[in-house]
Amino acid sequence: MKIFTKIAATALAVASCAVASAQDGTAAYNFLKTTPSAHAYALGGNNITVIDDDINLVEQNPALMGPEVDKQVGFNYMRYLGGSNFMGLRYGMGINDRSAWAASVQYYGYGSFHGYDPSGTYEGNFSASDVAFSGTYTHDISEYWRGGITAKFIYSKYEIYSAFAVGVDLGINYYNPDKEFSFSFVAKNLGGQIKKFADTRDALPWDLQLGISKQIGRSPFRVSLTLNNLRKWKLPYLQPEDKNVTTSALVMKDSFGTNLLRHIVIGLEFLPSDKIWVALAYNYKTRTDMSAYQRNLLSGFSAGAGLKVKAFGFGIAYAQPHSGASTFMVNITSTLGELLR
């Protein structure tokens with residue numbers, strides 16, 4: 001407990017200084033909001049409370065990992081919007097019966113772009129990418145409470161420009177297995193840039209989140225509710241004045257109801273056994289973010305499924321933010337200790 005408290009206090013102090021130094025900039029690094037977990041992506045892209053033996057979930061909340069993921073390795077791949085490809089590798093290991101650590105590398109590739117000078121002369125193609133390295137430490141504070149810390153080191157390279165940033169996630173989770181109830185609080189992406197792209201300092205998309213997950217009675221269903229963007233109440237968005245006209249003027253939506261709903265992600269899972277999950281979720285913010293574009297009936301919805309076979313775990317997730325783009329994610333995990341038996 002003392003070790004965890006000291007590490008948390010140090011991490012929070014470092015992150016607070018970085019946040020303060022970055023307040024004069026604009027939010028960037030929005031790729032950090034894209035989860036590498038198929039389970040979390042199926043649950044609306046944001047879930048900090050789901051309890052599962054899956055190393056990839058630690059990205060959503062460092063307190064979701066513990067000694068139970070000992071010697072587990074996880075691979076993730078995502079085909080994202082605009083031909084972008086994201087992929088990563090994560091490894092976790094128990095320290096003792098109350099603590100664990102994990103390390104990961106995540107790559108975000110955005111493909112190739114045509115480069116032109118100010119006069120419009122073509123100068124060849126260039127690429128853009130981000131790489132995030134992270135380390136996580138978790139500790140069981142008591143029988144039901146667990147805390148976790150993740151430190152992130154982020155390198156960005158866009159054509160001839162590059163930047164370096166550091167960030168910290170702090171998470172805590174309460175889980176009662178008898179009642180199948182989980183509650184979490186997470187502070188994400190506390191930090192800032194060490195090296196700027198140019199003259200403007202960009203801030204990390206830091207956020208405060210609350211969430212709960214609860215199995216419905218003795219049924220094989222579990223419901224999750226995640227509240228995000230808690231540091232900011234107003235989340236206005238633009239919507240066409242006439243949805244039937246593609247050239248319609250855009251109007252601002254900023255009512256109490258729309259602001260409330262844009263903070264909420266709700267998910268439902270079907271859990272016929274501890275080795276199978278099927279999930280469906282609705283993210284109102286994702287849907288309304290696409291209001292000015294070509295959204296369709298599926299915008300805001302996401303779905304996925306997972307299966308565990310011996311030492312391996314598989315997960316897939318799918319979402320279609322708007323009619324011109326589909327996203328697909330796959331996870332593969334393996335517990336090396338079981339694999340070598």
Undergrad: Examine distances only and state if a side-chain atom of R287 and a backbone atom of S299 form a donor-acceptor pair shorter than 3.5 Å.
TA: yes

Undergrad: Under a 4.5 Å cut-off applied to non-hydrogen side-chain atoms, are Q106 and S134 in contact?
TA: no

Undergrad: Go through the steps for Q239 and T288 under the test side chain to side chain contact (heavy atoms under 4.5 Å, CB included), then give the verdict.
TA: CA-CA 8 Å; Q239 179 174 288; T288 49; 5.7 Å; no

Undergrad: Other than I48, what residues sit in its cluster of Ile, Leu, Val, Met, Phe, Trp and Tyr side chains whose heavy atoms are under 4.5 Å apart, directly or through others?
TA: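 I48 clusters with V186.
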
Undergrad: Considering all heavy atoms of both residues, which atom of S156 and which atom of F197 are nearest to each other, and what is their separation?
TA: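 That closest heavy-atom pairing would be CB-CZ, 3.4 Å.
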
Undergrad: How long is the gap from OG on S326 to CD on Q320, to the nearest 0.5 Å?
TA: 4.0 Å

Undergrad: Compare every heavy atom of G44 with every heavy atom of A281, then report the nearest pair and how far apart it is.
TA: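 That closest heavy-atom pairing would be CB-N, 3.2 Å.
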
Undergrad: If we only count heavy atoms from C-beta on, is the F270 to L280 side-chain gap below 4.5 Å?
TA: no

Undergrad: In terms of the angle between their ring planes, are Y108 and F31 parallel, tilted or perpendicular, with boundaries placed at 30° and 60°?
TA: tilted

Undergrad: If hydrophobic clusters are built from ILVMFWY residues whose side chains come within less than 4.5 Å, do Y282 and L261 share one?
TA: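 Shared cluster, yes.
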
Undergrad: Would you confirm whether T49, through its side chain, and S184, through its main-chain N or O, come within 3.5 Å as a donor-acceptor pair?
TA: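 Checking the backbone N and O of S184 against the side chain of T49, no donor-acceptor pair under 3.5 Å is found.
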
Undergrad: Compare every heavy atom of Y29 with every heavy atom of A203, then report the nearest pair and how far apart it is.
TA: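 Smallest heavy-atom distance, with atoms named: O-CD1, 4.1 Å.
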
Undergrad: With side chains defined as the heavy atoms from C-beta onward, is the minimum distance between N46 and Q209 less than 4.5 Å?
TA: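 N46 reaches Q209 side chain to side chain.
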
Undergrad: Within a strict 4.5 Å, meaning less than it, do heavy atoms of the Y175 and F181 side chains meet?
TA: no

Undergrad: Under 4.5 Å between side-chain heavy atoms, counting indirect links through other Ile/Leu/Val/Met/Phe/Trp/Tyr residues: same cluster for V105 and L336 or not?
TA: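 As far as the 4.5 Å side-chain criterion goes, L336 and V105 are connected within one cluster.
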
Undergrad: Show, in sequence, the C-alpha distance, side-chain angles and deciding distance for W233 and H263, and conclude whether the side chain to side chain contact (heavy atoms under 4.5 Å, CB included) test is met.
TA: CA-CA 8 Å; W233 164 249; H263 286 279; 3.8 Å; yes

Undergrad: Working to the nearest 0.5 angstrom, can you tell me the gap between D70 CG and N96 CG?
TA: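 D70 CG to N96 CG: 10.5 Å, rounded to 0.5 Å.
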
Undergrad: Spell out, yes or no, whether I264 and F185 are grouped together once hydrophobic residues are joined by side-chain heavy atoms under 4.5 Å, including indirect joins.
TA: yes

Undergrad: So which atom in I95 and which in W101 form the shortest heavy-atom distance, rounded to 0.1 Å?
TA: CG1-CD1, 3.6 Å

Undergrad: Going by atom types only, do S213 and S182 share a side-chain donor-acceptor pair under 3.5 Å?
TA: no

Undergrad: Do V73 and L89 have side chains that get closer than 4.5 Å, going by heavy atoms?
TA: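 SC-SC contact between V73 and L89 confirmed.
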
Undergrad: Could I get the full list of ring pair (Phe, Tyr, Trp, His ring centres under 6.0 Å) partners for W145, not counting sequence neighbours?
TA: Y174

Undergrad: Could you report the tightest heavy-atom contact between P36 and N331, atom names first, then the distance?
TA: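 The answer is O-ND2, 3.0 Å.
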
Undergrad: Looking only at the side chains, is there a donor atom on one of K152 and N189 sitting less than 3.5 Å from an acceptor on the other?
TA: yes

Undergrad: Could you state the interatomic distance from OH (Y41) to OG1 (T35), rounded to the nearest 0.5 Å?
TA: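 The distance works out to 10.0 Å.
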
Undergrad: Do the side-chain N and O atoms of H39 and Q60 include a donor-acceptor pair separated by under 3.5 angstrom?
TA: no

Undergrad: For the backbone of D140 and the side chain of R98, can you confirm whether one donor and one acceptor N or O come within less than 3.5 Å of each other?
TA: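 Yes; at least one donor-acceptor contact below 3.5 Å.
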
Undergrad: Using the rule that two of Ile, Leu, Val, Met, Phe, Trp, Tyr join whenever any of their side-chain heavy atoms come within less than 4.5 Å, decide whether L32 and M329 are in one cluster.
TA: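 L32 clusters together with M329.
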
Undergrad: Evaluate the side chain to side chain contact (heavy atoms under 4.5 Å, CB included) criterion for residues K310 and F312: first the C-alpha distance (whole Å), next the side-chain angles of each, then the deciding distance (0.1 Å), finally the verdict.
TA: CA-CA 6 Å; K310 296 184 179 180; F312 291 94; 5.6 Å; no

Undergrad: What residues form a side-chain hydrogen bond (donor to acceptor under 3.5 Å, both in side chains) with R90, not counting sequence neighbours?
TA: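 So R90 forms a side-chain hydrogen bond (donor to acceptor under 3.5 Å, both in side chains) with S104.
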
Undergrad: Do L64 and I51 have side chains that approach each other closer than 4.5 Å (heavy atoms only, starting at C-beta)?
TA: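 Answer yes - side chains close enough.
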
Undergrad: Salt-bridge test for D52 and K308: reply yes if a basic N is under 4.0 Å from a carboxylate O, no otherwise.
TA: yes

Undergrad: Centroid-to-centroid, F86 to Y80, below 6.0 Å?
TA: yes

Undergrad: For the NZ atom on K232, are there more than 12 heavy atoms of other groups (residues, nucleotides or ligands in this structure) within a distance under 6.0 Å?
TA: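 It does not: K232 NZ has 12 such atoms or fewer within range.
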
Undergrad: Using side-chain hydrogen bond (donor to acceptor under 3.5 Å, both in side chains) as the criterion, list what pairs up with E68, not counting sequence neighbours.
TA: R146

Undergrad: Say you draw a straight line from NZ of K188 to CH2 of W206; how long is it, rounded to the nearest 0.5 Å?
TA: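 Reported to 0.5 Å precision, the distance equals 14.0 Å.
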
Undergrad: Would you check if there is a donor-acceptor pair between the side chains of N85 and Y77 at a distance under 3.5 Å?
TA: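 There is such a pair (donor and acceptor under 3.5 Å, judged by atom type) between the side chains of Y77 and N85.
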
Undergrad: Classify the ring geometry between H114 and Y116 as parallel (under 30°), tilted (30 to 60°) or perpendicular (over 60°).
TA: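 It falls in the perpendicular class, over 60°.
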
Undergrad: Identify, with sequence neighbours excluded, every residue that meets side-chain hydrogen bond (donor to acceptor under 3.5 Å, both in side chains) alongside K214.
TA: none

Undergrad: Should the ring pair Y110 and Y158 be called parallel, tilted or perpendicular, given that the plane angle runs from 0 to 90° and is split at 30 and 60?
TA: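 Perpendicular: the ring planes of Y110 and Y158 meet at over 60°.
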
Undergrad: First locate atom CG of N47, then atom OG1 of T226, and finally report the distance between them rounded to the nearest 0.5 Å.
TA: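 With rounding to 0.5 Å, CG (N47) is 4.5 Å from OG1 (T226).
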
Undergrad: Side chains of D53 and Q72: is there a donor and an acceptor less than 3.5 Å apart?
TA: yes

Undergrad: Are L230 and L170 connected in the hydrophobic side-chain network, where two residues link if heavy atoms are under 4.5 Å apart?
TA: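 Yes, because L230 and L170 connect within a single hydrophobic cluster, where side-chain heavy atoms sit under 4.5 Å apart.
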
Undergrad: Test side chain to side chain contact (heavy atoms under 4.5 Å, CB included) on W277 and V50 and set out the steps.
TA: CA-CA 11 Å; W277 60 265; V50 165; over 6 Å; no

Undergrad: Quick one: are F164 and F153 in side-chain contact, heavy atoms under 4.5 Å?
TA: yes

Undergrad: Tracing side-chain links under 4.5 Å among I, L, V, M, F, W and Y, which residues wind up in one group with I55?
TA: V58, M65, V69

Undergrad: Going from OG1 on T138 to CG on N173, what distance comes out if it is rounded to the nearest 0.5 angstrom?
TA: 10.5 Å

Undergrad: At their closest point, which heavy atom of A187 faces which heavy atom of L208, and how far apart are they?
TA: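 What the structure gives for the nearest pair is CB-CD2, 3.7 Å.
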
Undergrad: Would you check if P67 and D97 make a side-chain contact, meaning some heavy-atom pair closer than 4.5 Å?
TA: no

